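It should be emphasised that the depicted structure is a prediction, and the values quoted were computed from it without experimental measurement. Start at 1 and go down the list; that is how both ligands and their atoms are numbered. Start at 1 with the first residue, then count along the sequence.
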Amino acid sequence: MQDELFREMKQAIIDGDPDRARELSLQAIVQGVPPLDAIHHGFLPGLNVVGQQFEAGEMFLPDLVLAGEAMKAATSALEPEIQKAGAARESLGKVVLGTVKGDIHEIGKTLVGTMLSANGFEVFDLGVDVPVESFALKAKELNADLIGVSALLTTTMTGQKDVVEALQRHGLRPRVKIIVGGAPVTQSWADEIGADGFGKDAFASVALAKSLLKKQGKSPVS
Ligand code: B1M
């Protein structure tokens with residue numbers, strides 16, 4: 001039965017149908033399907049199909065846009081369930097998060113933010129297409145502990161290096177930690193640009209954030 005639900009979720013993303021995606025998310029909640037299973041085993045495989053077909057020239061930009069809208073509808077319907085886990089926890093630290101300048105991909109970044117916040121971090125999401133300086137200025141304003149920078153394009157990932165340099169210019173390093181992630185990003189890229197770590201996915205990013213702030217002696221990390 002769960003397999004059938006996951007199959008329909010995948011199809012709703014391929015069809016670019018936000019209403020159906022939202023409906024299936026609500027169905028998952030009613031059936032007690034863990035929200036992260038719905039995302040990872042249901043909806044995300046659909047987005048991967050769309051990405052592959054787009055690359056192969058079998059789907060076009062409007063399909064990508066609709067698939068993105070459907071994915072957003074699915075995850076925002078599940079978000080309250082994910083957040084419940086983090087309610088009433090002591091803050092593990094302040095995180096400023098965003099997608100680099102020139103890049104409007106938001107789904108992965110938002111998922112990372114949701115997971116961090118569900119695990120007890122205070123997340124300030126600057127959104128997408130975020131100017132380099134904004135990361136540093138917001139971190140200063142909030143006295144943030146960690147900055148998370150997402151990039152989905154090989155052409156925009158250099159923006160992550162610019163953010164590391166901006167933090168240095170503003171005298172925020174090494175106190176403020178920086179993690180990077182996104183489909184084209186790797187550990188060796190993170191090392192090359194002097195980031196503190198690379199988050200392969202939302203789960204790994206939570207573990208990474210906890211371990212970086214623990215080393216900092218910042219928070220009562222479990
Ligand atoms: Co775009 N797009 N897109 N797109 N898009 C990709 C990324 C692409 C791989 C598709 C393809 O060709 N196969 C390709 C990039 C090629 C490259 O550079 N190597 C691409 C392209 C080319 C483009 C355009 C240039 C297309 C065009 O206009 N001709 C254009 C660029 C626009 C811009 O940003 N300036 C574009 C536009 C779009 C839409 C706006 C239509 C839409 C995004 C909608 C939205 O976000 N609201 C879109 C989509 C949906 C995709 C795909 C299909 C899916 C991306 C996604 O959301 N994945 C994508 C192909 C693919 O990835 N299969 C593609 C799901 C998400 C959960 O995964 O974002 O990887 P991801 O996040 C993961 C991890 O990477 C990690 O954790 C997340 C959760 O596990 N992670 C972090 C992410 N950020 C992190 C930050 C961290 C830590 C971990 O720390 C801070």
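Clustering ILVMFWY residues whenever any of their side-chain heavy atoms sit less than 4.5 angstrom apart, transitively, puts I14 in a cluster other than the one holding F43. By the rule that hydrophobic residues join a cluster once side-chain heavy atoms approach within less than 4.5 Å of another member, L47 and V49 end up as members of separate clusters. Note: the hydrophobic cluster containing L146 also contains M115 (ILVMFWY, side chain heavy atoms under 4.5 Å, direct or indirect links). Both I13 and L44 are assigned to one and the same hydrophobic cluster, defined by single-linkage of ILVMFWY side chains at heavy-atom distances under 4.5 Å.
Classification of R22 and D17 as a salt-bridged pair fails, no side-chain N sitting under 4.0 Å from a carboxylate O. A salt bridge links K109 with D125; the closest basic N to acidic carboxylate O contact falls under 4.0 Å.
Protein heavy atom nearest atom 43 (C) of ligand 1, with residue, atom name and distance: H105 CD2, 3.7 Å. Distance from atom 18 (O) of ligand 1 to its nearest protein heavy atom, with residue and atom name: T154 N, 3.0 Å. Protein heavy atom in closest approach to atom 53 (C) of ligand 1: L64 CD1, 3.5 Å. Closest to atom 76 (C) of ligand 1 among all protein heavy atoms lies K200 O, 3.6 Å. Of the protein's non-hydrogen atoms, S150 OG, 2.7 Å is the one closest to atom 84 (N) of ligand 1. The nearest protein atom to atom 20 (C) of ligand 1, hydrogens excluded, is given as L153 CD2, 3.8 Å; this is a heavy-atom distance. Of the protein's non-hydrogen atoms, I107 CB, 3.3 Å is the one closest to atom 57 (O) of ligand 1. The closest protein non-hydrogen atom to atom 44 (C) of ligand 1 is G68 CA, 4.1 Å.
Near D201, meaning under 4.0 Å from one of its heavy atoms, ligand 1 places the atoms 76 (C), 77 (O), 80 (O). Counting atoms of ligand 1 from 1 in the listed order, those under 4.0 Å from a heavy atom of K72 are 47 (N). Ligand-side atoms of ligand 1 in range of G148: 91 (C), range being under 4.0 angstrom from any heavy atom. Of all atoms in ligand 1, numbered sequentially from 1 with element shown, those under 4.0 Å from a heavy atom of A183 are 70 (O), 75 (O). The ligand atoms of ligand 1 that sit less than 4.0 angstrom from a heavy atom of E106 are 45 (C), 46 (O), 47 (N). Set against the non-hydrogen atoms of V65, the atoms of ligand 1 under 4.0 Å away are 41 (C). Close approach of ligand 1 to F54 is summarised as follows: ligand atoms under 4.0 Å from at least one heavy atom of the residue are 10 (C), 11 (C), 12 (O), 26 (C). Atoms of ligand 1 lying under 4.0 Å from at least one heavy atom of A202, given by number and element, are 77 (O), 79 (C), 80 (O).
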Derivation of the salt bridge (Lys or Arg N to Asp or Glu O under 4.0 Å) call for D129 and K101: CA-CA 4 Å; D129 192 18; K101 181 84 192 142; 3.5 Å; yes

Checking salt bridge (Lys or Arg N to Asp or Glu O under 4.0 Å) for the pair E133/R169: CA distance, chi angles, key distance, verdict? CA-CA 10 Å; E133 289 292 311; R169 269 200 310 280; 2.7 Å; yes

Give the intermediate values and the outcome of side-chain hydrogen bond (donor to acceptor under 3.5 Å, both in side chains) for residues Q83 and S117. CA-CA 7 Å; Q83 292 290 2; S117 132; 2.8 Å; yes

Output, in order, the C-alpha distance, side-chain angles, deciding distance and verdict of salt bridge (Lys or Arg N to Asp or Glu O under 4.0 Å) for K161 and E192. CA-CA 9 Å; K161 183 169 186 270; E192 187 184 325; over 6 Å; no

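Within a 4.0 Å radius of atom 24 (C) of ligand 1, the protein has no heavy atom. Distances from atom 80 (O) of ligand 1 to the protein include at least one heavy-atom value under 4.0 Å. Distance check for atom 8 (C) of ligand 1: every protein heavy atom is found at 4.0 Å or beyond. Within a 4.0 Å radius of atom 59 (C) of ligand 1, the protein has no heavy atom.
For the pair L152 and ligand 1, a heavy-atom separation below 4.0 Å is found. Residue A67 places no heavy atom under 4.0 Å from ligand 1. For S205, the closest heavy-atom approach to ligand 1 falls below 4.0 Å. Not a single heavy atom of Q52 sits under 4.0 Å from any atom of ligand 1.
Taking any N or O of L111, backbone or side chain, none lies under 3.5 Å from an N or O belonging to ligand 1.
For the side-chain contact (heavy atoms from CB on, under 4.5 Å) with V149, the qualifying choice from L126, I178, V185 is I178, the only one to do so.
You'll find the side chain of L137 stays beyond 4.5 Å of the side chain of E141, heavy atoms only. Annotation: side chain of F6 is in contact with side chain of V33 (closest heavy-atom distance under 4.5 Å).
Residue contacts with ligand 1 for V112 involve side-chain atoms from C-beta outward but no N, CA, C or O (heavy atoms, distance under 4.0 Å).
Atom 75 (O) of ligand 1 has its nearest heavy-atom neighbour, among G182, G113, G102, in G182.
Considering OG1 of T155 and CG of D103, their distance stands at 7.5 Å, rounded to 0.5 Å.
Aromatic rings of H40 and F203 (six-membered ring for Trp) have centroids within the 6.0 Å cut-off, being under it.
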